[in-house]
Every structure is written in structure tokens, then in C-alpha cells.
K.L.:
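This is the structure I have questions about; it appears just below.
Chain naming here is simple, since letters A, B, ... match the order of the sequence lines and numbering starts at 1 in each.
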2 protein chains.
Amino acid sequence: MRILIVEDEPKVASFIRRALEEESYAVDVCSDGIQGRDLASEVDYDLIILDLMLPGLPGIDALKAIRDAKVATPILILTARSKVDQRVKGLDAGADDYLTKPFAIEELLARTRALLRRASGDSTGLLQVDDLILNPTNHEVTRGGQRIDLTSKEYALLEYMMRNSGRVLTRPMIAEHVWDLDFDTFTNVIDVYISYLRNKIDRGYDRGLIHTVRGSGYTLKLTDA
Amino acid sequence: MRILIVEDEPKVASFIRRALEEESYAVDVCSDGIQGRDLASEVDYDLIILDLMLPGLPGIDALKAIRDAKVATPILILTARSKVDQRVKGLDAGADDYLTKPFAIEELLARTRALLRRASGDSTGLLQVDDLILNPTNHEVTRGGQRIDLTSKEYALLEYMMRNSGRVLTRPMIAEHVWDLDFDTFTNVIDVYISYLRNKIDRGYDRGLIHTVRGSGYTLKLTDA
DNA sequence: GTCTTCGACGATCAGAATACGCATGGTGAC
DNA sequence: GTCACCATGCGTATTCTGATCGTCGAAGAC
């Protein structure tokens, strides 16, 4: 989740930034409307927090510019308590929400959650090793941008390995996590599925991501130089 | 456009009512939370304005009850300026916006416009995947402009899938959201309803929107190239 | 140190067994 | 009649088995 703050008062900006970063959002700050507008169209933010009282390009114009650029990111505007008119214009210009200064930081966080939840396509939680990417929410797997179709066992195995990439995973560990508890130890299904995965994921790459650790198990990682 | 006001102070209620009626909205007023909750689930409002400081059922509980009743209508809550905590809880409980008393009437109108626009026109409110459009406020579903009639179970399933389009939805997830809690796991109702939906939505299209994810569940999305 | 041998371990394949998803028809409630 | 739900049976993708083949590396010979 990446958030842009457009705010000229350094104190306020860093105050908000810290609060958001504590909630583990990625935060960018810029201090004027022109820069804000440009950043907003270059970077795909999840939320923009925009102070309407800015030097240079007035906030309301920056807001309109962003919306004119077809940026659909939710926008939360900050205004002075007294400027009712400004807020009204802001909402009509396409802001999704506003806060009046001064505000309680807790409130800002709540509004942030609300806006993000509303807009959520939830793309967080991507697993990535080298150019292999796995999206747990839609079970989509790609390598180098190329989609890879996996059966559900193959997928489960790969997800487990990606969540533990770098570690050596023994057969019992894999069995426990990917297969049932009453897993028959005297079978080679795991080897078979590793083989299936290699075919679908590492085939054609001279440096595969799935490595055999003889005598122990398997590991998924970037081949070290 | 029909709006419900839940407000116990007669003066405030009629003040808001008059302002909204001047903007030619249809306005209903009730004075307590229980009645408000019932009305909200009986009538298909476009917006609910809910005072959090009510006698009887506290406003926050009324709010939760309304959301629990699967009412998707945008809700604007009114709170006292000082009660930051209440506002935060309100937003987290599913309110879409709030105003602090006392407020300028002009501001209420602006927020009303913003919420209604959001609910009907663009980002939030209307659910859309490809040319399939679902309007939660009136349960209307169209594909390619063509109206589609759904039974209520079919509708509930589709709405859930559209709200989570792109994600893989497992049978337990679907059961929990669309069926009761005491759902019998050993039946194939879900499969059957998926089949019904496919017949009504994807029939005639060579690229359907409902996809089976073998071994996991189903997902609703645009077929990727 | 290097080469060869040998056994253990891992990879792979094809076919069998299984589980899964889907269509369809039927039942009961309203 | 309509709607929600259930049960059966079928075709097929997926999973698993078992056998064979390949490979790694330790140990001994030189």
C-alpha cells in the first residue's frame, strides 16, 4: 500500500508520514501541487492525501488536474476548519473524503483504512523469487511475465516453497504442510511433484529456482553466483 | 433518490429535511435507531443519514445492524465534534462518511452529492466486471446492456463474487457469505448455483466470466489473454 | 591427487486409481 | 408455478503408484 502526501508544512507532513509508516504503509511526500500532480500520474498510488492550502498550484487545481489525468486513486483532502466552501468544492471536484485541520491522527488512520478498504483489489501479499511471482489471492503464478497453469497440488507445493524460500525443506516438512497428516511416508509423490513443478517453472532456464539438497530435501531460491 | 434521516432532535431533522427536499430528494424521517434499522432494511434507500447520538438503540448499533442486514446503502453519520472515537468506530463499522455537528447545511448537501454520485456512477457502488454490471442498490444486473433476472440466491452469489472479483473464492468462503452459518458442507448446492449463474450470465459468450479453479473454488474475472 | 567403482538417492514415465466438477432430474416449501 | 436444495451418475483432470533409469559422491586403488 503506497500513499502520497502532498503537504507543504514540513512538521505536519512528517507527522502524518510517521503515523502511516507505523501502520506499514509506504509513504512518499512532496511539498507542492505541481509536483504532486506529476507524481500522482507517474506512480500508481493507493491513496493520495492532499492539503488544499498549498503554495504554487492551489490544491483544488491540483485535485482537478489529477482527476483530469484519469487517475482513479482515492483522494483525501485536508482543509482548514473554517473553509466550508473549500471542502464543498473539493468534494465536487472529485475528492473522496476530507479532514479538517487540526485533526486527530487516529482519525486520519481510520479514514485511510476506510478508503483503502473501499478501493481494495487487494494486491498485497505477492510472493516473489527472482522473476517468479505468485499471487495468493487469485492463485496466479507467472514467471518472467508468462502465466503458468498449475494444478492445486502443484500450486500448494509451490506456495509453501515460496513462503519458505531459501530454507531447505525436508520431505517430512513438505508432507506435513502440503499433504495430509496421514501421509504415506514410503512413497515418492513429493519427488514426482517436484519434477512436475520443475517442468512448468524451470524448464528452459539454465539456472533453475528449485534445487535438490541431496540427503535432505529441496529448496527454492535464486542460484547464487 | 430517496433518503432516510434517523435523527431524534426534531429541529435538526426538519432542517435537514427541508434542505434536501429543496434539492428534490424524497426524504423520510424517523426518530430512533430501532425504527431506523427496520426502515433501512425494508425500503431501498439511496442514502441514510444517521445521528449517532440517539435514544434507545445507540446509533453505532443501529449502524451495525443495518450493515448486518446486508443493506449496502451509503450511510452518512452525524456526530458531536468532540467524539473522535465515535467517528472512528462509525467508519470502521461500515459508515461511508461523517459530519460533525454543528455543520453547515451546504456541506451536508455536498457530501450527499458525493455519496450518491459514488454509489450510482463511478468508483464505488456499481459493481462491474467487463460488460457485466451489478447495481447493489436496486439489485439490477445487466450484461452488455441486456437485463438479467436472477433469483435472490443467484443474486447474492453473484454480488459476492463481483465484490471479490479476481480472487479465488473457496466453497467454504462462499458458503459463509452467501449461505447460512449452519451450511451443510456435504452437498453440492454451490456448484449447482454456479451452474445456474453461468447459464444466465455466460451463456452465449465463448469467454465466460465465471471460472472454475479446480481443487480450490471459483473466481469471477475477465479472461486474460 | 585423480580415477574408477558401487551403492544410495533422486528423477522421470506411463498407467491405474481417485477425486472433482457438472448436468440433470427430483423433492419439498411457499 | 417458482425457488431452494439434494442425490446420482458420468466424464475427465488430477493424483498417486511402482518400476526403471540417471546421477552423485564416498571409498578404495593406483
Side-chain angles (χ1 to χ4, degrees), chain A residues 139 141 147-161 168-220 223, chain B residues 70 139 141 148-161 168-206 208-220:
Chain A
H139 290 207
V141 177
R147 270 216 52 180
I148 297 175
D149 271 336
L150 299 179
T151 72
S152 75
K153 261 278 143 49
E154 289 164 357
Y155 172 83
L157 175 57
L158 180 62
E159 180 176 342
Y160 176 60
M161 294 186 79
V168 173
L169 304 172
T170 66
R171 271 166 251 263
M173 285 164 76
I174 294 173
E176 188 179 335
H177 284 93
V178 180
W179 272 264
D180 300 328
L181 294 168
D182 58 337
F183 178 79
D184 178 11
T185 330
F186 300 99
T187 175
N188 68 337
V189 225
I190 295 176
D191 305 43
V192 171
Y193 272 85
I194 290 287
S195 168
Y196 290 163
L197 270 188
R198 282 212 247 244
N199 271 328
K200 294 191 176 180
I201 285 168
D202 281 341
R203 163 155 294 176
Y205 293 78
D206 45 335
R207 305 225 137 194
L209 297 176
I210 299 175
H211 304 269
T212 304
V213 182
R214 204 155 218 277
S216 301
Y218 300 95
T219 184
L220 183 83
T223 315
Chain B
K70 299 272 160 75
H139 289 207
V141 177
I148 297 175
D149 272 335
L150 299 178
T151 71
S152 75
K153 260 279 142 47
E154 288 164 358
Y155 172 83
L157 175 57
L158 181 62
E159 179 177 341
Y160 177 59
M161 294 186 79
V168 172
L169 304 172
T170 65
R171 270 165 251 262
M173 285 164 78
I174 294 173
E176 188 180 334
H177 284 92
V178 180
W179 272 264
D180 299 327
L181 294 169
D182 58 338
F183 177 80
D184 179 10
T185 330
F186 300 99
T187 174
N188 68 339
V189 224
I190 295 177
D191 306 40
V192 171
Y193 273 85
I194 290 286
S195 164
Y196 292 162
L197 270 187
R198 281 213 247 246
N199 274 328
K200 294 192 175 178
I201 285 168
D202 281 341
R203 164 155 293 176
Y205 293 78
D206 45 333
L209 298 176
I210 299 175
H211 303 268
T212 304
V213 182
R214 203 157 213 278
S216 299
Y218 298 95
T219 184
L220 183 84

K.L.:
If you check every side-chain atom of A/T212, which of D/dT17, D/dA4, C/dG10 has the closest atom?
P.N.:
C/dG10
K.L.:
May I ask you to evaluate whether A/Y218 reaches the phosphate of C/dA11, defined as a side-chain N or O under 4.0 Å from OP1 or OP2?
P.N.:
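For A/Y218, the contact criterion (side-chain N or O under 4.0 Å from OP1 or OP2 of C/dA11) is met.
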K.L.:
For A/K153 and A/V178, what are the C-alpha separation, side-chain angles and deciding distance, and is it a side-chain contact (heavy atoms from CB on, under 4.5 Å)?
P.N.:
CA-CA 8 Å; A/K153 261 278 143 49; A/V178 180; 4.3 Å; yes
K.L.:
Find the distance between NE2 (A/H139) and OG1 (B/T219) and round it off to the nearest 0.5 Å.
P.N.:
9.5 Å
K.L.:
Rounded to the nearest Å, what distance is computed from the NZ atom of residue B/K200 to the P atom of nucleotide D/dT2?
P.N.:
11 Å
K.L.:
Measure CG/A/D191 against P/C/dC9 and give the value in whole Å, please.
P.N.:
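Taking atom P of C/dC9 as the reference, CG of A/D191 is at 12 Å.
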K.L.:
Do the side-chain N or O atoms of B/K153 get closer than 4.0 angstrom to the phosphate oxygens (OP1, OP2) of D/dC5?
P.N.:
yes
K.L.:
Between D/dC3, D/dG18, C/dG10, which nucleotide has the shortest distance from any of its atoms to the side chain of A/N188?
P.N.:
D/dG18
K.L.:
B/E154 CD to D/dC5 P: how many Å, rounded?
P.N.:
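Distance, rounded to whole Å: 11 Å.
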K.L.:
Taking the side chain of B/R214 as heavy atoms from C-beta outward, which of D/dC16, D/dG11, C/dA23 is closest to it?
P.N.:
D/dG11
K.L.:
Given C/dC20, is OP1 or OP2 found less than 4.0 Å from the side-chain N or O atoms of B/R171?
P.N.:
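Checking C/dC20 against B/R171, no side-chain N or O comes under 4.0 Å of OP1 or OP2.
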K.L.:
Look up atom CG in A/D202 and atom CD1 in A/I194, then write down how far apart they are to the nearest 0.5 Å.
P.N.:
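Between atom CG of A/D202 and atom CD1 of A/I194 there are 10.0 Å.
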K.L.:
Is there a side-chain polar atom (N or O) of A/W179 under 4.0 Å from OP1 or OP2 of D/dT15?
P.N.:
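So the side chain of A/W179 is outside the cut-off, no N or O lying under 4.0 Å from OP1 or OP2 of D/dT15.
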K.L.:
C/dT12 base to A/N199 side chain: any donor-acceptor pair below 3.5 Å?
P.N.:
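Donor-acceptor pair under 3.5 Å: no.
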K.L.:
Look at A/T187 and D/dG18 and indicate whether a side-chain polar atom (N or O) is within less than 4.0 Å of OP1 or OP2.
P.N.:
no
K.L.:
A/L157 CG to D/dC16 P: how many Å, rounded?
P.N.:
11 Å
K.L.:
Could you tell me how far apart B/I194 (CD1) and C/dC20 (P) are, to the nearest whole angstrom?
P.N.:
17 Å
K.L.:
Do A/Y196 and D/dC16 have a side chain to base donor-acceptor pair shorter than 3.5 Å?
P.N.:
yes
K.L.:
Go through A/R198 and A/T212 one step at a time and tell me if the side-chain contact (heavy atoms from CB on, under 4.5 Å) criterion holds.
P.N.:
CA-CA 11 Å; A/R198 282 212 247 244; A/T212 304; 2.9 Å; yes
K.L.:
Please report the distance, rounded to the nearest Å, between CG in B/L197 and C1' in C/dG21.
P.N.:
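Distance check: B/L197 CG to C/dG21 C1' gives 16 Å.
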K.L.:
Taking for each residue the nucleotide of DNA chain C with the nearest heavy atom, is it B/R198 or A/V213 whose nucleotide lies nearer the 5' end?
P.N.:
A/V213
K.L.:
Rounded to the nearest 0.5 Å, how far apart are NE2 of A/H177 and CE of A/M161?
P.N.:
13.0 Å
K.L.:
Quantified as the angle between the terminal helix axes (five pairs each), what is the overall bend of the helix from C/dG1-D/dC30 to C/dC30-D/dG1 to 10 degrees?
P.N.:
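Nearest ten degrees gives 30° for this helix.
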K.L.:
Tell me the closest heavy-atom pair linking A/K200 and A/E154, and the distance in Å.
P.N.:
NZ-OE1, 2.9 Å
K.L.:
Rounded to the nearest angstrom, tell me the gap between atom CG in A/L150 and atom C1' in D/dA13.
P.N.:
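Atom CG in A/L150 sits about 14 Å away from atom C1' in D/dA13.
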K.L.:
Among A/I174, A/L197, A/V213, A/T170, exactly one meets side chain to side chain contact (heavy atoms under 4.5 Å, CB included) together with A/Y218. Which residue is that?
P.N.:
A/I174
K.L.:
Does a side-chain N-to-carboxylate-O contact under 4.0 Å join B/D191 and B/R171?
P.N.:
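The answer is yes: the pair qualifies as a salt bridge.
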K.L.:
Could you tell me the separation between the CD1 atom of A/I190 and the C1' atom of C/dC9, rounded to a whole number of Å?
P.N.:
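To the nearest whole Å, that distance equals 15 Å.
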K.L.:
Tell me whether the side-chain N/O atoms of B/S195 come closer than 4.0 Å to OP1 or OP2 in C/dA23.
P.N.:
yes
